[in-house]
**Student:** 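Can you read through this structure? Questions will come right after.
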Amino acid sequence: MPVGTQQIQVTLPDGVRRHVPAGCTAREALCGSGGALSPDVLAATVNGVPMDLDTALTGDAALEPLTFRSPEGREVYRHSSAHIMAQAVKDIFPSAQLTIGPAIEDGFYYDFAFERPFTPDDLQQIEARAHAIIQANYPIKRMEMPRLKAVEFFKERGEQYKAEIIESLPDETVSLYSQGNFIDLCRGPHLPSTGTVRALKLLSSAGAYWRGDERNPMLQRIYGTSFPTQAELDAHLAKLEEIKRRDHRKLGKELDLITMQDEIGPGLVLWHPKGALVRLLIENFWREQHLKQGYELVYSPHVARLDLWKTSGHVDYYRENMFVPMKVEASEYQLKPMNCPFHIMIYKSHLRSYRDLPIRYGELGTVYRYERTGVLHGLLRVRGFTQDDAHLFCRPDQIEGEVSRVLDFTFFVLRTFGFSEFEVYVSTMPEKAVGSPENWAQATAALEAALKSRGVAYRIDPGEGVFYGPKIDIKIKDVLGRAWQCSTVQIDFNNPERFELAYTGEDGKAHRPIMIHRALMGSIERFFGILIEHYAGAFPTWLAPVQVKVLNITDKQRDYAETVTAQFTAAGFRAEADLRNEKVGFKIREAEKAKVPFMIVVGDRELQAGTLSVRGRSGANLGSMPAMAVIDLIRADIAKGMSA
RNA sequence: GCUGGCGUAGCUCAAUCGGCAGAGCAGCGGUUUUGUAAACCGCCGGUUGGAGGUUCGAUUCCUCUCGCCAGCUCCA
């Protein structure tokens with residue numbers, strides 16, 4: 001150590017403090033005096049900020065190594081992977097211009113300005129080239145450049161987009177990263193070398209607008225992913241296959257639950273008997289629980305005078321999502337995109353006292369929204385759907401209590417359907433909003449207070465509230481860890497104003513109630529689609545359209561099979577007999593494919609003994625037992641499913 | 001809405017260079033009476049999404065249109 005070198009102190013995550021010469025790199029500081037740094041370490045946070053391992057430390061710092069196991073480490077890994085892919089693209093297609101290429105959940109993408117879309121063949125070639133770049137193990141080096149010089153630099157290289165990005169940056173100095181012949185503007189940090197990436201695969205290509213704006217030119221995006229081991233990459237690809245296998249559009253058709261047909265129109269769902277039955281079960285449960293929770297259930301028409309929608313503000317704020325109005329006699333009528341105005345009119349049909357509040361109107365209300373064709377997606381995004389809607393009218397001091405009740409109710413319902421993990425967001429005041437900032441702040445505070453009182457962890461989504469009030473959104477996580485937006489609780493300052501809603505207070509004067517919109521499942525269609533994927537079509541017994549299938553082995557047990565089926569039906573189960581002249585293996589195959597939870601095989605042995613042979617879905621042979629034992633077994637399974 | 005890809009029997013998919021549109025499953029008829037994921041034989045099944053064009057001839061090439069898929073944008 002040269003005499004006179006200044007020493008700095010680094011603190012490692014385990015609390016160890018180490019003195020190192022100023023100017024030494026994060027890598028050197030991390031591995032200390034002895035040996036090399038573990039190859040798992042991709043980068044490091046310096047005082048909490050992710051940095052390259054080659055970053056020179058200039059002062060005392062808290063250091064933490066970053067590996068692929070941390071979100072920040074994964075981001076670095078995928079970000080460098082994107083650069084590797086970009087280098088491969090530039091090698092093969094020098095005229096492709098670089099734009100941006102971030103890490104995303106589960107992978108990365110890079111957008112290129114290129115004269116034509118990339119084909120699957122291109123992707124193969126690019127991937128091969130990317131593998132070669134990984135093999136070559138180019139060191140990834142950071143350098144800094146004055147901003148204007150960097151603009152010139154990229155212009156000279158024909159990278160117009162990069163030049164544009166740099167021009168819009170606020171800093172006077174920008175950082176560039178290079179690997180081999182490739183150089184890109186980038187904030188970093190990055191891996192130490194291209195060989196650090198072990199397993200990389202390109203997945204797909206698609207168009208994407210420059211800066212995400214549809215008025216801008218279309219770029220060519222390539223998606224890929226990368227992992228530290230081939231095994232992890234394979235596991236990820238297997239998960240993608242699993243997602244395909246569970247696709248509700250495929251299962252919905254295979255299980256004969258729903259279809260959507262050209263002749264009907266895009267985004268419009270036909271519920272076949274089995275799908276309709278599952279829906280009925282969901283709706284029955286919903287109604288029962290709402291009545292228990294003190295809701296009053298209402299019905300409202302599918303169309304109403306356009307004037308109603310003018311009063312509600314939908315014509316002004318929501319027109320692009322509405323079907324065009326239809327002319328009937330002398331006035332125009334509008335297919336309803338929401339249920340709220342109807343519930344408001346029910347509220348308004350009487351004078352209301354403060355003693356009446358809160359009033360809770362619930363409706364499984366079918367609404368129609370005009371969605372642009374490109375956004376339609378199976379059951380998850382449709383044009384006609386049924387909201388499990390409710391509107392609560394309450395006094396301002398009741399907001400927190402009502403929201404708390406709704407939260408408890410929501411989690412109860414979602415858990416009943418097998419979801420146990422949630423992401424909760426509070427969306428605050430957007431730029432375009434009605435209501436005073438004070439009202440917004442107060443209502444937002446009430447939402448947060450309700451969440452806190454329930455011990456629910458949440459994140460703030462700044463500026464993402466609806467124009468009429470702040471909201472809580474709850475996303476459910478399915479069995480594959482995917483998050484789906486379902487439940488929403490929204491405060492509304494706007495409609496009570498617009499419709500001049502009032503209640504008479506203790507003081508005998510008119511007061512304005514607060515309105516809360518809420519949906520637990522969101523839309524039955526979407527929720528059903530999510531359920532199909534969550535359960536891979538194998539609904540829990542309480543929701544299964546057919547719960548029991550009785551299979552005879554030969555015609556000799558035909559009567560017995562019919563008696564047994566009747567017995568199960570009488571016990572309240574959805575039971576069917578398959579008496580076809582087919583081998584039992586074939587009948588089992590069909591019942592398996594239909595995901596029937598319980599199969600009951602009756603042959604001569606059972607006929608003689610007066611028992612039933614029970615087979616569970618997915619192959620479990622549960623043995624022979626008397627009918628009563630089977631009934632108990634299934635009842636227990638139903639009870640378990642509903643309390644899970 | 002935009003970019004790209006794709007529409008063939010109820011379903012899943014073939015059809016060379018523009019030359020008689022085919023298979024498996026399903027359905028129907030028959031044989032078989034069967035023990036835990038597919039018995040056997042036969043039959044039926046098509047305006048190749050729709051409209052127009054090029055051509056002696058179009059599933060195939062071109063234009064328009066409808067729909068689906070991926071992504072962008074938007075959202076329950």
Side-chain angles (χ1 to χ4, degrees), chain A residues 109 111 116-120 203-223 247 249-250 253-254 256 259-267 318 320-321 337-338 365 367 369-389 464 466 471 473-475 484-488 490 517-527 529-530 551-558 579-594 599-606 613-624:
Chain A
Y109 68 79
D111 286 344
R116 62 171 177 83
F118 293 108
T119 65
L203 298 171
S204 60
S205 61
Y209 298 104
W210 168 235
R211 294 184 188 266
D213 190 323
E214 64 187 25
R215 288 164 302 192
N216 286 339
M218 175 78 59
L219 306 174
Q220 301 305 328
R221 175 172 298 180
I222 302 178
Y223 285 94
D247 192 315
R249 293 166 297 185
K250 187 167 169 274
K253 200 195 270 181
E254 277 174 14
D256 199 15
T259 53
M260 293 162 90
Q261 302 176 20
D262 268 23
E263 290 82 347
I264 311 294
Y318 208 69
E320 68 211 32
N321 281 299
M338 292 190 189
V367 298
R369 297 186 185 171
Y370 171 74
E371 300 285 356
R372 304 200 292 175
T373 53
V375 307
L376 298 172
H377 181 90
L379 289 172
L380 303 182
R381 193 75 185 279
V382 293
R383 283 185 175 161
F385 60 98
T386 301
Q387 292 182 305
D388 67 318
D389 211 355
E464 286 302 308
V466 205
K471 62 172 180 172
D473 285 327
I474 299 171
K475 292 186 181 181
W484 305 95
Q485 158 87 60
C486 293
S487 320
T488 183
Q490 309 179 347
H517 307 243
R518 50 109 277 193
L520 311 184
M521 299 180 281
S523 111
I524 307 277
E525 283 74 5
R526 164 178 286 183
F527 195 72
I530 295 166
L551 316 173
N552 61 335
I553 288 177
T554 73
D555 282 345
K556 269 200 283 178
Q557 306 91 35
R558 197 185 172 92
L579 305 174
R580 291 175 302 171
N581 175 13
E582 295 288 353
K583 297 179 75 164
V584 74
F586 181 79
K587 295 184 187 182
I588 284 171
R589 177 181 154 80
E590 298 226 316
E592 282 287 351
K593 287 208 309 186
M599 283 161 250
I600 290 175
V601 178
V602 292
D604 270 340
R605 290 202 293 270
E606 289 74 21
S613 174
V614 186
R615 185 189 205 272
R617 185 161 56 186
S618 71
N621 192 336
L622 305 175
S624 285

**Student:** Using purine N1 to pyrimidine N3 plus N6-O4 or O6-N4 for Watson-Crick, or N1-O2 and O6-N3 for G-U wobble, each under 3.5 Å, what pairs with C40(B)?
**Tutor:** G30(B)
**Student:** Counting side-chain heavy atoms from C-beta on, which of G35(B), U73(B), C68(B) comes nearest to Ser613(A)?
**Tutor:** G35(B)
**Student:** How close or far is atom C1' of A38(B) from atom CG of Leu551(A), stated in whole angstroms?
**Tutor:** 15 Å
**Student:** Within the modelled atom types, does a donor on one side and an acceptor on the other bring the side chain of Arg589(A) and the base of U36(B) under 3.5 Å apart?
**Tutor:** no
**Student:** Starting from the 5' end of RNA chain B, give me the residue, Glu371(A) or Gly378(A), whose nearest nucleotide shows up first.
**Tutor:** Gly378(A)
**Student:** Expressed as a whole number of angstroms, how long is the span from His377(A):NE2 to G1(B):P?
**Tutor:** 18 Å
**Student:** On a whole-Å scale, what distance lies between the C1' atoms belonging to G7(B) and U59(B)?
**Tutor:** 11 Å
**Student:** Could you measure the distance from the CZ atom of Arg558(A) to the CG atom of Leu579(A)? Nearest 0.5 Å is fine.
**Tutor:** 5.0 Å
**Student:** Let's go through Trp484(A) and Arg526(A) carefully: what are the C-alpha distance in whole Å and the side-chain angles of both, what is the deciding distance for side-chain contact (heavy atoms from CB on, under 4.5 Å) to 0.1 Å, and is it a yes or a no?
**Tutor:** CA-CA 9 Å; Trp484(A) 305 95; Arg526(A) 164 178 286 183; 5.8 Å; no
**Student:** Of the options G67(B), G1(B), A37(B), whose atoms approach the side-chain atoms of Pro266(A) most closely?
**Tutor:** G67(B)
**Student:** CZ of Arg383(A) to CD of Glu525(A): how many Å apart, nearest 0.5 Å?
**Tutor:** 14.5 Å
**Student:** Should Arg249(A) be listed as having a side-chain N or O under 4.0 Å from OP1 or OP2 of A70(B)?
**Tutor:** yes
**Student:** Is Glu592(A) touching bases, backbone alone, or none of the nucleic acid, heavy atoms closer than 4.0 Å?
**Tutor:** base
**Student:** Starting from P on U3(B), measure out to OH on Tyr209(A) and report it in whole angstrom.
**Tutor:** 7 Å
**Student:** Rounded to the nearest 0.5 Å, what's the gap from NZ on Lys583(A) to CZ on Arg589(A)? Could you check?
**Tutor:** 14.0 Å
**Student:** Quick check: closest heavy atoms across Ser487(A) and Leu520(A), and the distance to 0.1 Å?
**Tutor:** OG-O, 2.5 Å
**Student:** With heavy atoms under 4.0 Å as the rule, sort Arg221(A) into base, sugar-phosphate or nothing.
**Tutor:** sugar-phosphate
**Student:** Rounding to an integer number of Å, can you tell me how far Asp247(A) CG sits from C68(B) C1'?
**Tutor:** 12 Å
**Student:** Any strand is fair game: report the nucleotide pairing with C75(B) by Watson-Crick or G-U wobble, both distances under 3.5 Å, or none.
**Tutor:** none
**Student:** Looking only at atom P, what distance separates A70(B) and G10(B), rounded to whole Å?
**Tutor:** 24 Å
**Student:** Measuring only the C1' atom in each nucleotide, how far is C20(B) from U12(B)? A whole number of Å is fine.
**Tutor:** 25 Å
**Student:** Using the C1' atom as the reference point in each nucleotide, state the distance between C40(B) and U55(B) in Å, no decimals.
**Tutor:** 48 Å
**Student:** Classify the nucleic acid contact of Phe527(A) as base, sugar-phosphate or nothing, counting any heavy atom under 4.0 Å across all strands shown.
**Tutor:** nothing
**Student:** Does OP1 or OP2 of G1(B) have a side-chain N or O of Thr373(A) closer than 4.0 Å?
**Tutor:** yes
**Student:** Go ahead and name the base partner of U8(B); Watson-Crick or wobble counts if both distances stay under 3.5 Å, otherwise write none.
**Tutor:** none
**Student:** Counting only Watson-Crick pairs (N1-N3 plus N6-O4 or O6-N4) and G-U wobbles (N1-O2, O6-N3), all under 3.5 Å, who is the partner of U48(B)?
**Tutor:** none
**Student:** Verify the contact: side-chain N or O of Lys583(A) to OP1 or OP2 of A37(B), cut-off strictly under 4.0 Å; return yes or no.
**Tutor:** no
**Student:** Side-chain N or O of Tyr318(A) less than 4.0 angstrom from OP1 or OP2 on A76(B)?
**Tutor:** no
**Student:** Side-chain N or O of His517(A) less than 4.0 angstrom from OP1 or OP2 on A76(B)?
**Tutor:** no
**Student:** How is Asn321(A) classified with respect to the nucleic acid when contacts are heavy atoms under 4.0 Å: base, sugar-phosphate, or nothing?
**Tutor:** nothing
**Student:** Taking Gly522(A)'s backbone N and O only, do any of them form a donor-acceptor pair with Asp388(A)'s side chain (distance below 3.5 Å, no angle check)?
**Tutor:** yes
**Student:** What nucleotide among C75(B), U73(B), A39(B) has an atom nearest to a side-chain atom of Glu582(A)?
**Tutor:** A39(B)
**Student:** Within the 4.0 Å heavy-atom criterion, would you say Gly603(A) contacts the bases, only the backbone, or no part of the nucleic acid?
**Tutor:** base
**Student:** How many angstroms lie between atom NE2 of His377(A) and atom CZ of Arg249(A), to the nearest 0.5 angstrom?
**Tutor:** 4.0 Å
**Student:** Which of these nucleotides, A76(B), A37(B), G71(B), is closest to any side-chain atom of Ser523(A)?
**Tutor:** A76(B)
**Student:** If you pin Arg605(A) and Leu376(A) to their nearest nucleotides in RNA chain B, which one's is more 5'?
**Tutor:** Arg605(A)
**Student:** Counting any heavy atom closer than 4.0 Å, what does Glu263(A) reach on the DNA or RNA strands: base, sugar-phosphate only, or nothing?
**Tutor:** nothing
**Student:** Checking all strands, does Val382(A) fall into the base, sugar-phosphate, or nothing category for heavy-atom contacts under 4.0 angstrom?
**Tutor:** base
**Student:** Indicate whether Phe586(A) forms a stack on A37(B); treat it as stacked only if centroid distance is below 5.5 angstrom and interplanar angle below 30 degrees.
**Tutor:** no
**Student:** On a whole-Å scale, what distance lies between the P atoms belonging to A23(B) and C68(B)?
**Tutor:** 31 Å
**Student:** Given the structure, check if the side chain of Arg381(A) and the base of C74(B) hold any donor-acceptor pair shorter than 3.5 Å.
**Tutor:** yes
**Student:** Looking for any heavy atom pair under 4.0 Å, which part of the strands does Val584(A) touch: base, sugar-phosphate only, or nothing?
**Tutor:** sugar-phosphate
**Student:** Kindly give the heavy-atom pair with the smallest separation between Glu590(A) and Arg580(A), and that separation in Å.
**Tutor:** OE1-NH2, 2.8 Å
**Student:** Can you tell me, in whole Å, how much space there is between the P of U16(B) and that of U31(B)?
**Tutor:** 41 Å
**Student:** Lys253(A) has a side chain; which of A76(B), G1(B), U12(B) sits nearest to it?
**Tutor:** U12(B)
**Student:** So, is Arg617(A) close to the A37(B) phosphate, meaning a side-chain N or O under 4.0 Å from OP1 or OP2?
**Tutor:** no
**Student:** What is the nucleic acid contact for Asp262(A), judged by heavy atoms within less than 4.0 Å: base, sugar-phosphate only, or nothing?
**Tutor:** sugar-phosphate
**Student:** Which base sits across from C20(B) as a Watson-Crick or G-U pair, both distances under 3.5 Å?
**Tutor:** none
**Student:** Could you state the atom-to-atom distance from CG of Leu579(A) to P of U33(B) in whole Å?
**Tutor:** 18 Å
**Student:** Would you name the heavy atoms of Met218(A) and Ala208(A) that are closest together and state the gap between them?
**Tutor:** SD-N, 3.1 Å
**Student:** Over how many whole Å does the gap from Gln220(A) atom CD to G4(B) atom C1' extend?
**Tutor:** 8 Å
**Student:** Could you tell me the separation between the CZ atom of Arg580(A) and the P atom of A38(B), rounded to a whole number of Å?
**Tutor:** 14 Å
**Student:** Whole-Å distance between U36(B) P and Leu622(A) CG?
**Tutor:** 15 Å
